[in-house]
Amino acid sequence: MAILEAFVALYSLGAARQLLNGAVEYALVRRQFGAPIGSFQAVKHALANADIAIRHARALAIGSLAVSRDGDPGVILDLRLAKVAADRRR
């Protein structure tokens, strides 16, 4: 069961990272009021918050996979938390 949970968590992490990369690229290209929207503080904060959530989810997933070899029963919970953190929408 932990393998399936790990797959789902890591898949969600990959998808979240790709979506964030696309959003960053779009923010650098899209212009509003004569400037890239990525230069606006509100957009920067939203992208930074998404990056922090993804890094948090990655740490949870990697940490739980490292502990899974020891047979800790909390591993599945950690993997589920990683998936939720990766899927979190702001």
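All values below come from the heavy atoms of this structure, side chains included, with hydrogens, waters and symmetry mates left out.
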So the salt bridge (Lys or Arg N to Asp or Glu O under 4.0 Å) pairs with at least one residue in residues 42-57 (sequence neighbours excluded) are R17-D51, D51-R55
For G38 versus V43, what's the shortest heavy-atom pair and its separation? CA-CG1, 4.2 Å
By side-chain contact (heavy atoms from CB on, under 4.5 Å), R58 pairs with (sequence neighbours left out) L13, I62
Pairs under 3.5 angstrom only: tabulate donor-acceptor contacts from the side chains of residues 25-37 to other protein residues two or more places apart or in another chain.
from : atom 1 : to  : atom 2 : distance (Å)
Y26  : OH     : R30 : NE     : 3.2
R30  : NH1    : Q32 : OE1    : 3.4
R30  : NH2    : Q32 : OE1    : 3.3
R31  : NH2    : G34 : O      : 2.6

With a 6.0 Å cut-off (strictly less than), is the heavy-atom count around CZ of F40, excluding the residue itself, greater than 12? yes
N21: which residues meet the side-chain hydrogen bond (donor to acceptor under 3.5 Å, both in side chains) condition with it, sequence neighbours left out? none
